[in-house]
Amino acid sequence: MILIDGKKAAAELRAVLKQEVTELKAKHNKVPGLTVILIGDLTPSQIYVRNKEKSANEVGLKSEVIKYPDSVEEKTVLEKIRELNSDKTVSGILVQLPLPKHIDKQKVIEAIHPSKDVDGFHPMNVGNLSSGYESSIPCTPLGCYLLIKKFEPNLNGKKAVVVGRSNLNGKPMTQLLLKENCTVTITHSKTKDLKAECLEADIIVAAVGIPELVRGDWVKKDAIVIDVGINKTDKGIVGDVHFEEVSKNARALTPVPGGVGPMTIACLLKNTIDCFKRSQI
Ligand code: GUN
């Protein structure tokens with residue numbers, strides 16, 4: 001079994017992006033800028049945002065974090081987004097999720113101009129992705145896709161099973177695999193026989209948020225297994241895949257942590273740079 005090292009792949013991607021930023025700076029005399037809005041004091045969100053800022057600085061992006069208390073009014077956030085939409089020094093805007101209950105997530109997502117939507121959550125980008133047009137692609141599925149392609153460049157005709165149908169992961173992951181000519185099955189909590197579906201798969205992407213759901217006897221010998229899960233349990237952080245069991249069967253597997261997570265952040269930087277490049281044309 002080969003361990004797919006997301007930490008290493010992310011470091012390699014960041015090195016490429018850093019070089020790209022240097023070249024863009026020489027050409028345009030400015031660097032791409034990422035602005036992250038963080039609302040409230042949820043610890044995981046704070047850690048994610050700190051990591052995003054650190055990585056952005058590492059590759060030479062201009063990065064800014066705007067923090068609001070939990071009690072901030074929705075209209076204050078929407079006004080800030082509108083201001084950032086017309087700020088030429090800002091290439092990408094990300095509002096860290098989840099949001100407090102009194103703030104409408106969809107309104108916030110739709111307020112971000114699609115050309116600055118580094119999350120790829122705006123309906124315009126969702127539609128463009130599913131139509132096969134150029135778009136921002138959600139960072140986590142993009143990271144999974146790059147890891148799969150690095151390991152297996154030709155996905156033509158492969159059977160892929162995506163476990164989970166979220167807008168954040170499952171649905172965009174399906175689009176990316178379809179684009180690579182995979183035959184994709186998207187499964188979810190109402191799927192009749194999840195084990196049987198997984199046993200058909202050359203590629204499994206588990207993004208469902210259930211600790212260690214995918215077991216060793218769900219996976220056929222040659223499968224590539226990508227674990228998107230980050231679940232807090234009594235034994236610490238575990239993925240959606242039972243690592244020990246699946247590592248005995250799969251051809252390749254991503255660990256948790258150190259698999260998809262680092263790639264997600266590197267892809268956010270990539271999306272910011274891509275938004276900048278599209279804005280310079
Ligand atoms: N919270 C957890 N993952 C994400 C993500 O990919 N984007 C945003 N905006 N918030 C998140």
Side-chain angles (χ1 to χ4, degrees), residues 6 10 13 33-56 61 63-68 70 72 74 77-78 80-81 84-85 90-101 103-126 129 135-147 162 164-176 205-209 226-232 237 239-240 256-257 259-272 274-275:
L13 177 55
L34 171 66
T35 299
V36 174
I37 296 179
L38 174 61
I39 302 170
D41 49 14
L42 275 179
T43 314
S45 291
Q46 285 175 332
I47 296 170
Y48 286 139
V49 169
R50 209 177 310 133
N51 287 338
K52 284 169 185 175
E53 197 180 15
K54 191 171 142 250
S55 302
L61 300 182
S63 114
E64 182 191 20
V65 178
I66 298 171
K67 290 183 182 163
Y68 290 114
D70 246 322
V72 67
E74 184 184 271
V77 179
L78 295 176
K80 176 52 78 177
I81 292 172
L84 296 169
N85 280 341
V90 175
S91 321
I93 305 165
L94 180 144
V95 180
Q96 183 67 26
L97 303 175
L99 298 174
K101 281 199 176 62
I103 298 182
D104 183 337
K105 182 173 87 174
Q106 197 59 19
K107 260 193 202 163
V108 167
I109 288 172
E110 290 185 23
I112 298 171
H113 194 280
S115 67
K116 296 192 177 190
D117 168 32
V118 280
D119 263 326
F121 294 164
H122 191 287
M124 176 98 101
N125 281 316
V126 176
L129 176 62
S135 69
S136 279
I137 298 167
C139 307
T140 301
L142 178 58
C144 295
Y145 166 83
L146 294 175
L147 289 177
V162 177
R165 56 174 154 181
S166 68
N167 291 338
L168 209 81
N169 292 306
K171 284 183 203 157
M173 191 70 238
T174 301
Q175 297 299 347
L176 293 171
V205 180
V208 73
I226 306 292
D227 190 351
V228 181
I230 302 177
N231 306 296
K232 241 186 181 169
I237 303 282
D240 291 352
V256 176
V260 174
M263 280 302 279
T264 296
I265 295 186
C267 287
L268 171 65
L269 311 177
K270 175 176 162 39
N271 280 352
T272 306
D274 288 345
C275 285

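Atoms within each ligand, like the ligands themselves, are counted from 1 in listed order.
Proximity annotation for atom 3 (N) of ligand 1: of I112, L168, I265, L168 comes nearest, heavy atoms only.
With values rounded to the nearest 0.5 angstrom, S55 atom OG is found 5.5 Å from L269 atom CG.
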* To do: Please lay out, stage by stage, how I237 and K232 fare under the test side-chain contact (heavy atoms from CB on, under 4.5 Å).
  => CA-CA 5 Å; I237 303 282; K232 241 186 181 169; 3.8 Å; yes
* Asked: Under the side-chain contact (heavy atoms from CB on, under 4.5 Å) criterion, do L84 and I37 qualify, and how do the steps go?
  -> CA-CA 11 Å; L84 296 169; I37 296 179; 4.0 Å; yes
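For ligand 1, the polar-atom distance check finds an N/O of D119 within less than 3.5 Å of one of the ligand's N/O atoms. Polar contact with ligand 1: present for L97 (N/O pair, distance under 3.5 Å). For ligand 1, the polar-atom distance check finds no N/O of Y48 at less than 3.5 Å from any of the ligand's N/O atoms.
Contacts of E74 classified as salt bridge (Lys or Arg N to Asp or Glu O under 4.0 Å), with partners at least two apart in sequence or in another chain: K107.
Pairs engaging residues 44-53 under the side-chain hydrogen bond (donor to acceptor under 3.5 Å, both in side chains) rule: K52-Q96 [sequence neighbours left out].
The protein atom (non-hydrogen) at minimum distance from atom 11 (C) of ligand 1 is Q96 NE2, 3.5 Å.
Those atoms of ligand 1 with a heavy atom of V95 less than 4.0 angstrom away are 8 (C), 9 (N).
Counted by atom type alone, T264 and T140 present one or more donor-acceptor pairs between their side chains at under 3.5 Å.
Counting heavy atoms closer than 4.0 Å to ligand 1, residue L94 contributes side-chain atoms (C-beta onward) but none from N, CA, C or O.
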